[in-house]
Engineer: 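The structure is given below, and queries will be raised subsequently.
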There are 2 protein chains.
Amino acid sequence: MSELQDAVFRALADPTRRGLFERLCRQGDTTVVGLLADAGVSQPVVSKHLKILKAAGLVHDRHEGRYTYYGARREALATLVDWTTEMAGFWQDRFDDLDDLLKRMDQ
Amino acid sequence: MSELQDAVFRALADPTRRGLFERLCRQGDTTVVGLLADAGVSQPVVSKHLKILKAAGLVHDRHEGRYTYYGARREALATLVDWTTEMAGFWQDRFDDLDDLLKRMDQ
DNA sequence: TCATTACATAGCCAATTGGGTATGAGACAT
DNA sequence: ATGTCTCATACCCAATTGGCTATGTAATGA
């Protein structure tokens with residue numbers, strides 16, 4: 001029901017956007033042209049996707065001269081984690097063996 | 001890049017589908033009519049969404065007479081957890097790098 | 001000053017998506 | 001045997017989405 005939750009899930013649903021976010025996680029702050037290289041789409045499309053990721057709180061931007069550096073906001077992933085944890089929680093009430101999932105989440 | 005990962009993210013992007021999955025997590029195996037109550041959409045639409053969730057491995061179904069019971073498949077959440085963990089991991093790595101860098105600069 | 005570079009926005013279009021109604025196929029009850 | 005109930009599929013439609021090109025604006029460099 002949460003507005004933010006919906007924005008996060010929706011933003012990460014597109015593979016191009018997920019790819020952009022992944023690259024920002026891997027390599028830190030990057031300019032649009034920097035991201036353009038392996039994005040597989042045109043520059044305006046990259047800008048549009050970044051705008052959507054920003055609206056979902058998944059990235060931040062910083063202007064330096066004519067460059068705009070984008071970076072991942074990993075705190076936003078908490079939305080995903082919280083939801084998954086909640087779903088797993090409902091399960092814990094229902095089943096006894098959650099080991100595999102819980103072990104993964106422990107890491 | 002993973003086919004399954006893409007299906008999972010895409011399936012959970014829609015609020016109606018997420019709602020269905022949530023209810024299955026909360027209340028265990030349920031029939032289509034059972035889910036129909038609070039879904040806010042017509043029965044065929046519920047069936048269609050369940051089909052998409054099933055294709056993503058997020059739910060399973062079991063036939064009993066004229067009823068079809070759907071249930072959440074917990075293993076599928078591992079896809080989400082793994083991805084999130086990986087993204088968080090890159091963060092950790094970069095943090096370590098930064099730490100390392102700062103230590104070098106201290107000398 | 002003028003060209004170039006970095007980026008965002010606007011406008012366009014085809015494909016996908018999420019919803020609907022109509023209908024068919026089994027299972028069950030009367 | 002017939003009607004009802006559960007569910008899935010087929011088909012249709014409007015809205016959204018994801019891509020493109022063209023263009024504008026600001027910063028930089030020659």
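Within every chain, numbering begins at 1; the chains are lettered A, B, ... in the order of the sequence lines, protein sequences first and strands thereafter.
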Engineer: Let's test your reading of the model: under 3.5 Å, does the base of D:dA8 pair with the side chain of B:Gln43 as donor and acceptor?
Structural biologist: yes
Engineer: Identify whether B:Ile52 and B:Leu35 are in the same connected component of the hydrophobic contact network (ILVMFWY, side-chain heavy atoms under 4.5 Å).
Structural biologist: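 Looking at the clustering, B:Leu35 is in a separate group from B:Ile52.
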Engineer: Any ring pair (Phe, Tyr, Trp, His ring centres under 6.0 Å) pairs touching residues 27-85 of chain A, not counting sequence neighbours?
Structural biologist: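 Listed by first then second residue: A:Phe9-A:Trp83, A:Trp83-B:Phe21.
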Engineer: According to salt bridge (Lys or Arg N to Asp or Glu O under 4.0 Å), does anything in residues 45-55 of chain A pair up with another residue at least two apart or in another chain? List the pairs.
Structural biologist: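 Every salt bridge (Lys or Arg N to Asp or Glu O under 4.0 Å) pair that includes a residue of residues 45-55 of chain A, provided the two are not neighbours, is A:Lys54-A:Asp61.
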Engineer: In whole angstroms, how far is the C1' atom of D:dT17 from the CZ atom of B:Phe9?
Structural biologist: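 Whole-Å distance recorded here is 19 Å.
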Engineer: Rounded to the nearest angstrom, tell me the gap between atom CG in A:Asp29 and atom P in C:dC7.
Structural biologist: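 That distance rounds to 13 Å.
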Engineer: Which residue pairs pass the salt bridge (Lys or Arg N to Asp or Glu O under 4.0 Å) test when at least one of the two sits in residues 7-16 of chain B, sequence neighbours left out?
Structural biologist: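 Non-adjacent pairs meeting salt bridge (Lys or Arg N to Asp or Glu O under 4.0 Å): B:Asp6-B:Arg10.
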Engineer: Which of the following nucleotides, D:dT21, C:dA6, D:dA8, is nearest to the side chain of B:Ser47?
Structural biologist: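 Output: D:dA8.
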Engineer: Distance check needed: D:dT9 P versus B:Lys51 NZ, whole Å only.
Structural biologist: 4 Å
Engineer: Between the protein and nucleotides 12-19 of chain C, which nitrogen or oxygen pairs come in under 3.5 angstrom?
Structural biologist:
residue	atom	partner	partner atom	Å
C:dG18	OP1	B:Arg17	NH2	3.4
C:dG18	OP2	B:Arg17	NH1	3.2
C:dG19	OP1	B:Thr16	OG1	3.2
C:dG19	OP2	B:His49	NE2	2.4
C:dG19	O6	B:Lys48	NZ	2.9

Engineer: In residues 57-70 of chain B, what residues come within less than 4.0 Å of DNA chain C, judged by heavy atoms?
Structural biologist: B:Gly65, B:Arg66
Engineer: Listed by chain and number, what are the side chain to side chain donor-acceptor pair (under 3.5 Å) partners of A:Arg73, not counting sequence neighbours?
Structural biologist: A:Glu75
